[in-house]
Every structure is written in C-alpha cells, then in structure tokens.
Amino acid sequence: MLAKILAKLEELGCRSVHIEGGEPFLYPKELLRAVNQINESKITLEHIVTNCSWFKNQKETKTILAELKKLGLQRLLLKVSPFQNESIPLRKVNGVAQ
C-alpha cells in the first residue's frame with residue numbers, strides 16, 4: 001500500500017512527507033520498513049512524530065532510534081500535551097528524549 005501511495009505522491013509532485021499517528025513506534029519493524037521504502041522513493045522524510053507511549057527502556061529505545069538514524073532520519077518530534085499526559089506518563093517522554 002505504501003508503494004502505491006508514494007507513487008501517487010510522486011506523480012502529484014509531492015517532495016516530502018512526515019510520519020505521525022496513530023503511534024508509529026507501536027510497530028517498530030514496520031516503521032523501519034516504511035522509512036526504508038520512503039528512502040527508496042523520490043520523496044524526503046522530514047520527520048516522525050511520537051507521543052512516546054511505546055517507551056519501555058533505554059536499551060530498546062536506543063536500538064530503534066539508532067536504526068532510524070542509519071536510515072537517514074534527522075528529526076524526531078516528541079509530542080507532549082495535557083490531554084496526552086492523562087494516559088502517557090511524562091517519564092516516557094523523558095525516556096525517549098534522553
């Protein structure tokens with residue numbers, strides 16, 4: 001499906017995209033595959049937005065972020081809001097930020 005979307009975006013002259021919610025990091029293998037597919041297209045990935053709900057520990061976080069960096073990701077936006085804080089502890093956002 002992503003290949004079809006990227007082809008259509010290229011056809012329409014789109015030059016960049018970003019990945020955002022749901023929560024892209026809930027399925028890290030699929031996220032890596034999607035970033036790789038975008039890299040193979042003529043479209044630039046500007047950034048990924050996360051609410052950090054997926055954070056478990058530093059080791060896993062560093063692993064996935066290092067893999068994304070190898071694929072060329074330059075910006076990760078951490079979403080913080082009072083509404084989100086009701087269900088996602090701030091410690092998770094801090095964990096990803098570290």
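Just so it is clear, the values below take in all heavy atoms, side chains as well, and ignore hydrogens, waters and symmetry mates. Source: prediction; values computed, not measured.
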Cluster question for you: counting only ILVMFWY and a side-chain heavy-atom cut-off of under 4.5 Å, with indirect links fine, are [X] and [Y] together?
{"X": "Leu26", "Y": "Ile88", "result": "no"}
{"X": "Met1", "Y": "Leu12", "result": "no"}
{"X": "Leu6", "Y": "Leu32", "result": "yes"}
{"X": "Val49", "Y": "Leu90", "result": "no"}

State whether the side chain of [X] and the backbone N or O of [Y] hold a donor-acceptor pair below 3.5 Å, judged by distance alone.
{"X": "Gln58", "Y": "Gly95", "answer": "yes"}
{"X": "Asn39", "Y": "Leu71", "answer": "yes"}
{"X": "Gln37", "Y": "Leu2", "answer": "no"}

Minimum heavy-atom distance [X]-[Y], with the two atoms named:
{"X": "Ile43", "Y": "Cys14", "value": "CG1-O, 3.7 Å"}
{"X": "Pro24", "Y": "Ile48", "value": "CG-CG2, 3.9 Å"}
{"X": "Leu73", "Y": "His47", "value": "CD1-CA, 4.3 Å"}
{"X": "Arg75", "Y": "Glu46", "value": "NH1-O, 2.8 Å"}
{"X": "Cys52", "Y": "Glu23", "value": "N-OE1, 4.0 Å"}

Interatomic distance, [X] atom [atom1] to [Y] atom [atom2] [nearest 0.5 angstrom]:
{"X": "Glu10", "Y": "Arg15", "atom1": "CD", "atom2": "CZ", "result": "13.0 Å"}
{"X": "Glu86", "Y": "Gln84", "atom1": "CD", "atom2": "CD", "result": "10.5 Å"}
{"X": "Asn36", "Y": "Glu67", "atom1": "CG", "atom2": "CD", "result": "11.0 Å"}

Counterpart residues, side chain to side chain donor-acceptor pair (under 3.5 Å), relative to Thr44 (two or more places apart):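 Checked Thr44 against side chain to side chain donor-acceptor pair (under 3.5 Å); zero matches.
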Go through the steps for Asn85 and Val93 under the test side-chain contact (heavy atoms from CB on, under 4.5 Å), then give the verdict. CA-CA 10 Å; Asn85 201 34; Val93 177; over 6 Å; no
Leu76 vs Val96, test: side-chain contact (heavy atoms from CB on, under 4.5 Å). Steps then yes/no. CA-CA 10 Å; Leu76 178 68; Val96 174; 4.2 Å; yes
Counterpart residues, ring pair (Phe, Tyr, Trp, His ring centres under 6.0 Å), relative to Phe55 (two or more places apart):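 Checked Phe55 against ring pair (Phe, Tyr, Trp, His ring centres under 6.0 Å); zero matches.
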Full working for side-chain contact (heavy atoms from CB on, under 4.5 Å) between Phe25 and Ile19: CA-CA 10 Å; Phe25 284 86; Ile19 299 174; over 6 Å; no
Quick one, Thr50 and Leu77 - any side-chain contact, counting heavy atoms below 4.5 Å?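 Thr50 vs Leu77: side chains apart.
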